[in-house]
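First the structure, in the form of structure tokens, and then the observations on it.
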Amino acid sequence: MSNLEELVQEINRFEAIISEWDESQRCVAVGLKRAIEALHKAALTNLIKNLKQESMPALRHAVSDELVYAVLLYHELVKPPKPALAQRIKAALEEVRPGLKSHNGDIELVAIKPPDTVEVKLIGTCSSCPASTLTLSQGVEQAIKNHCPEITKVVAVNHNSTVNTANSTLISPFSSQLTSTWVKVATIEQVPEFGVLAVQLAGTSLILYRQDVTFKCYRNACAHLGNPLEHGKVENSIITCPSHGFEYSLETGKCLTAPDISLQSYPVHIKGDKVFVKLQKF
């Protein structure tokens, strides 16, 4: 028997039989298996060391054999093959896409330019956001480099594409379709002093901050990549985004890490022991 698939099936067959034994019998079988594996790994390690010293071409030729590679991979003596570069870049972009979409933005892969450059395009609101440079350098670029260490340059390009306003879901703040209403979101006691309370309201996640008798309300989303802030550390009226460390003043909403951006704020009104927030409705 020399076919890899057949050999694996035979191992699986014996493992299925052993799994039905009682615990003491299984322990003996597992112990024997581990001892044999340790012996094989030690022998293979010495063999690889000797081949490296005497003939790297011979080692490469041996590893190219399917059976040899499978056994070395099982013993963690070779690294598993990396997915294709394009596949790893796609995975990196999927990792940051939810944060961009929370700000009505997105990202596209434009081109891969070997050996070390990737071109991307920020679209939607991300293309003109004041934080777009930080989004690229600290969000997108970091994700791509984590997945693809061989990439050293991530470049944002802009093709000046037009926006299809007929299908746009964004409405101007000056539109007559917008109205405002005060909505009760919590009671005073529910908001911890010098802390934040996260609330969900009409599909929008908010955080409330209380300092003595002063209340502030912000969208529960870091202005960097839209990650939730509710679990961020609050100290001296400053909240730190738990994802990438961006700091915001809870008194003003201003970002202390990148002064050109701020949290989205909402007017707050206190009536009796209730906290109201002014939200826009369509």
Side-chain angles (χ1 to χ4, degrees), residues 89 92-110 117-149 151-161 163 170 172-173 194-199 204-211 214-268 277 279-280:
I89 292 173
L93 297 185
E94 288 300 321
E95 189 176 285
V96 300
R97 184 163 277 123
L100 299 177
K101 284 188 174 181
S102 72
H103 283 197
N104 297 312
D106 207 339
I107 190 166
E108 291 179 354
L109 173 63
V110 176
T117 302
V118 170
E119 290 184 349
V120 296
K121 180 184 177 185
L122 294 169
I123 58 178
T125 56
C126 291
S127 62
S128 57
C129 173
S132 60
T133 300
L134 286 165
T135 298
L136 182 71
S137 63
Q138 299 192 24
V140 177
E141 184 174 340
Q142 173 115 23
I144 290 177
K145 288 181 177 179
N146 286 344
H147 286 263
C148 315
I151 297 300
T152 60
K153 299 175 187 174
V154 179
V155 180
V157 298
N158 184 2
H159 295 323
N160 295 319
S161 56
V163 177
L170 298 177
S172 165
F194 302 105
V196 296
L197 171 71
V199 295
T204 301
S205 182
L206 307 173
I207 53 171
L208 294 168
Y209 171 69
R210 174 187 175 193
Q211 183 176 356
T214 301
F215 288 77
K216 297 286 185 178
C217 179
Y218 303 102
R219 185 181 179 194
N220 185 19
C222 176
H224 173 216
L225 283 177
N227 301 95
L229 292 170
E230 61 190 277
H231 298 301
K233 180 181 178 181
V234 178
E235 190 173 23
N236 298 324
S237 300
I238 295 172
I239 189 167
T240 302
C241 175
S243 298
H244 298 107
F246 274 52
E247 294 184 337
Y248 298 89
S249 166
L250 286 168
E251 295 177 349
T252 64
K254 292 289 185 182
C255 181
L256 306 180
T257 307
D260 291 336
I261 59 177
S262 301
L263 296 177
Q264 181 178 342
S265 63
Y266 298 84
V268 179
V277 171
L279 297 178
Q280 291 180 329

Note, Val155 side chain near Thr117 side chain (heavy atom, < 4.5 Å): yes
side-chain hydrogen bond (donor to acceptor under 3.5 Å, both in side chains) between Tyr209 and Ser237, intermediate numbers included: CA-CA 9 Å; Tyr209 171 69; Ser237 300; 2.8 Å; yes
Residues that Ser262 engages under side chain to side chain donor-acceptor pair (under 3.5 Å), provided they are two or more places apart: none
Verdict with supporting geometry, Ile123 and Glu108, side-chain contact (heavy atoms from CB on, under 4.5 Å): CA-CA 7 Å; Ile123 58 178; Glu108 291 179 354; 3.9 Å; yes
Ala221 versus Leu263, closest heavy-atom pair with distance: O-CD2, 3.6 Å
Test item: Ser249 side-chain N/O and Lys254 main-chain N/O as donor-acceptor pair under 3.5 Å: no
Tyr248 side-chain N/O to Ala223 backbone N/O, donor-acceptor pair under 3.5 Å: yes
Smallest separation among heavy atoms of Arg219 and Leu206, with atom names: CA-CD2, 4.2 Å
Backbone of Ile207 reached by a side-chain donor or acceptor of Asn220 within 3.5 Å: no
Polar side chain donor-acceptor pair, His244 to Gln142, under 3.5 angstrom: no
Student check: side-chain heavy atoms of Leu208 and Val277 closer than 4.5 Å: yes
Lys216 vs Leu250 side-chain heavy atoms within contact, under 4.5 Å: no
Donor-acceptor contact present, side-chain Arg97 to main-chain Ile107, <3.5 Å: yes
Lys145, NZ: over 12 other non-hydrogen atoms inside 6.0 angstrom: yes
Tyr218 side-chain N/O to Gly253 backbone N/O, donor-acceptor pair under 3.5 Å: yes
